[in-house]
Amino acid sequence: MQEKTTMEKITSLAKRRGFVFQSSEIYGGQSGAWDYGPLGVELKNRIAATWWKEMTQLHDDIVGLDASILMHPRIWEASGHVENFTDPLVDCKKCKSRFRSDQVPEEKLNAKKCPDCDGELTDIRKFNLMFKSHIGAAEDSASVIYLRPETAQGIYVNYKNIIQSNRMKIPFGIAQIGKAFRNEIVTKNFIFRTCEFEQMEMQFFVKPGTDEEWFNEWRKRRWAWYEKLGVKMDNLKWHQHGPDELAHYAKEAWDIEYLFPMGWRELEGVHNRSDYDLNRHARFSGKDMQYIEQESSNGGNSVSGRYIPYIVETSAGLTRTVLMILCDAYDEEKVADKGNDDDWRTVLRFHPAIAPVTVAVLPLMKKDGLAELAQDIRRELKENFATDYDQAGAIGRRYRRQDEAGTPFCITVDYESKDDGTVTLRFRDSMEQVRVHRSALTERLLKEIRDYKRV
Ligand code: ATP
């Protein structure tokens with residue numbers, strides 16, 4: 001039997017442990033769509049919460065927004081998506097497979113031959129990636145509506161509302177996390193590229209002329225965020241867009257790429273979008289999108305300048321970050337405990353701040369009041385931590401189950417606990433165990449989370 005690839009192992013672990021399931025599985029599956037199970041939704045929510053805290057709580061000059069997915073169709077004309085958001089496609093006339101022409105080997109494309117069956121390929125045609133539907137009862141052109149292919153436009157069209165309602169002054173940012181939809185032709189590699197996904201975007205509005213400085217600043221800040229998440233930094237690199245890659249709106253663009261099991265791939269884009277978006281919305285909506293700069297003097301405020309701000313964008317995929325974190329955390333380790341040389345464990349080395357379960361409480365035995373004592377300790381920890389409880393099977397097997405779920409700390413309650421109130425605290429990464437009094441657990445765990453360093 002062929003050895004499983006790392007991606008296959010991660011996909012099967014994700015299903016087995018309830019991180020991610022294929023959508024509509026009992027009907028044969030829906031390609032491009034995935035469901036997040038109990039551990040997956042916790043992981044995704046925690047990554048999102050960490051990003052949200054970083055952007056809003058830790059930055060006085062950034063506020064949040066949750067714009068709707070359905071927006072006025074003119075927005076997508078203004079943004080350039082109706083015209084430009086296309087992939088070049090070819091179909092095989094024989095096997096009916098569909099490919100992005102930029103992903104077909106050059107010699108096959110030139111010979112118009114299918115890379116799978118050598119059948120004849122069609123000419124290249126443009127395929128728009130936006131999902132199109134109709135709103136209301138009539139299916140005419142006036143009722144056309146799109147599922148948003150990115151969250152950014154919801155921010156641009158609200159920028160004046162936010163300045164007015166929240167008295168924001170340039171430079172300032174607007175952060176948003178939400179779903180986006182793209183009719184992707186190739187959706188392999190698990191949750192890497194899907195038709196329904198989530199983005200974490202922050203658009204930073206700056207005075208023209210200061211955009212390059214802010215662009216470099218945001219590149220630094222975004223890099224630092226991954227460091228904070230405990231990601232292996234050797235697996236990250238910058239990729240600058242060359243002139244042929246640069247999007248129509250971008251003045252400068254850099255991607256943060258991660259070394260996924262299938263190679264280096266984009267994780268996040270940091271873009272200098274110039275004044276393209278706001279200029280276009282001004283033109284298409286007929287509204288004034290200028291920022292009015294005010295100077296305060298003794299007698300009050302006076303207008304000191306008007307301009308269309310430049311936008312520095314940081315755009316990360318939330319669901320793609322979930323995959324990155326799963327890949328980054330995944331480890332198989334030979335553990336020679338119990339004198340058994342062939343003993344391996346699978347462990348997800350999540351940073352404790354994003355682990356779906358922070359601490360699991362395990363009674364050594366179900367009997368003699370140990371289960372009740374363990375439940376009691378769990379109750380105490382619940383206020384501050386995501387907890388789990390497991391009393392089924394041998395203690396070693398229970399540790400392995402928690403390792404595989406990425407739980408950084410386990411607490412074992414034994415007979416000594418009944419006598420003196422101490423428990424065993426076991427660390428996922430080192431498998432070391434220390435004795436701690438139950439009254440000191442919360443403090444100790446908070447400290448361990450704060451001081452966590454990836455080994
Ligand atoms: P790609 O080149 O991978 O298609 P892109 O350059 O079109 O991505 P952007 O439009 O810049 O991507 O989107 C910003 C981020 O959103 C990406 O860096 C990625 O993390 C995420 N993203 C984009 N498309 C998808 C998708 N189909 N599935 C999951 N995440 C996506």
Side-chain angles (χ1 to χ4, degrees), residues 7 20 23 30-36 40 44 47-48 51 76 79-81 84-89 99-103 127-131 146-156 175-203 215 218-219 222-223 225-226 229 231 236-242 244-260 262-273 276-277 311-328:
M7 193 60 104
V20 182
S23 160
Q30 173 57 54
S31 74
W34 297 85
D35 299 339
Y36 289 77
K44 179 155 72 68
I47 294 170
W51 183 91
W76 306 112
S79 68
H81 282 81
N84 296 316
F85 198 53
T86 55
D87 271 348
L89 264 196
F99 307 92
R100 267 172 62 169
S101 63
D102 53 345
Q103 290 176 353
F127 174 78
N128 196 296
L129 298 182
M130 280 198 294
F131 281 101
Y146 299 99
L147 294 184
R148 68 178 176 200
E150 61 175 30
T151 55
Q153 299 301 325
I155 295 181
Y156 306 146
Q176 176 167 222
I177 299 177
K179 290 227 170 179
F181 302 83
R182 297 181 186 181
N183 198 355
E184 301 276 6
I185 300 141
V186 184
T187 56
K188 56 184 183 199
N189 293 320
F190 191 28
I191 54 173
F192 177 79
R193 185 183 300 287
T194 51
C195 292
E196 176 177 346
F197 58 100
E198 282 174 78
Q199 290 186 312
M200 308 185 283
E201 294 198 308
M202 194 283 301
Q203 311 290 328
F215 180 71
W218 275 106
R219 279 188 53 206
R222 292 308 299 147
W223 189 260
W225 185 69
Y226 290 103
L229 268 188
V231 176
L236 287 178
K237 71 170 188 193
W238 283 104
H239 164 77
Q240 183 177 17
H241 285 210
D244 52 333
E245 285 170 278
L246 216 52
H248 58 278
Y249 52 75
K251 178 172 161 187
E252 192 177 355
W254 292 70
D255 292 338
I256 297 179
E257 292 187 342
Y258 182 80
L259 185 56
F260 286 96
M262 65 282 186
W264 290 100
R265 294 285 191 286
E266 174 178 340
L267 182 62
E268 164 162 2
V270 183
H271 308 136
N272 181 345
R273 297 183 68 122
Y276 176 85
D277 304 278
I311 294 172
V312 174
E313 157 183 82
T314 72
S315 175
L318 170 55
T319 43
R320 197 173 283 183
T321 304
V322 171
L323 179 63
M324 180 276 278
I325 291 289
L326 282 171
C327 295
D328 202 66

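Whatever order the structure lists ligands and atoms in, that order sets their numbers, starting from 1. Residue indices begin at 1 and follow the sequence shown. This is a predicted model, so every value here is computed, not measured.
- For atom 19 (C) of ligand 1, the nearest non-hydrogen atom from the set R320, R100, M324 belongs to R320.
- When non-hydrogen atoms are compared, ligand 1 lies under 4.0 Å from neither the backbone nor the side chain of T321.
- Nearest non-hydrogen protein atom to atom 28 (N) of ligand 1 is T194 N, 3.0 Å.
- A cation-pi contact links R320 to F192, judged by a cut-off of 6.0 Å to the six-membered ring centre and 45° from its axis.
- If you check which protein heavy atom lies closest to atom 14 (C) of ligand 1, you get S315 OG, 3.0 Å.
- When only modelled atom types and interatomic distance are considered, H81 and Q153 share no side-chain donor-acceptor pair under 3.5 Å.
- For residues 186-196, every residue pair satisfying the salt bridge (charged side-chain N to carboxylate O under 4.0 Å, His left out) rule, not counting sequence neighbours, is listed here: K179-E196, E184-R193.
- In this structure, F190 has its ring center under 6.0 Å from that of W34.
- Summarising the contacts of atom 10 (O) of ligand 1 with E150, R182, H271, M200, the nearest heavy atom is found in R182.
- Residue contacts with ligand 1 for Q199 involve side-chain atoms from C-beta outward but no N, CA, C or O (heavy atoms, distance under 4.0 Å).
- Among protein heavy atoms, atom 4 (O) of ligand 1 sits closest to R193 NH1, 2.6 Å.
- With contacts defined as side-chain heavy-atom distances shorter than 4.5 Å, the pair D255/L267 does not qualify.
- Remark: minimum distance from atom 30 (N) of ligand 1 to any protein heavy atom is reached at F197 CD1, 3.4 Å.
- In this structure, E266 is part of the shell of residues with a heavy atom less than 4.0 angstrom from ligand 1.
- Side-chain atoms of E201 and Q176 include no donor-acceptor pair closer than 3.5 Å.
- Side-chain contact annotation: Q240 with W238, donor-acceptor N/O pair under 3.5 Å absent.
- Looking only at heavy atoms of the protein, atom 20 (O) of ligand 1 is closest to L267 O, 2.8 Å.
- Here the heavy atom of the protein found nearest to atom 21 (C) of ligand 1 is G317 CA, 3.7 Å.
- Judged purely by distance below 3.5 Å, without hydrogens or angles, the side chains of E268 and Y226 pair a donor atom with an acceptor atom.
- Every N/O-N/O distance between I191 and ligand 1 stays at or above 3.5 Å.
- Cation-pi geometry between R265 and F260 is not met: the NZ or CZ atom fails to fall both under 6.0 Å from the ring centre and inside 45° of the normal.
- Looking only at protein heavy atoms, the nearest one to atom 29 (C) of ligand 1 is F192 O, 3.2 Å.
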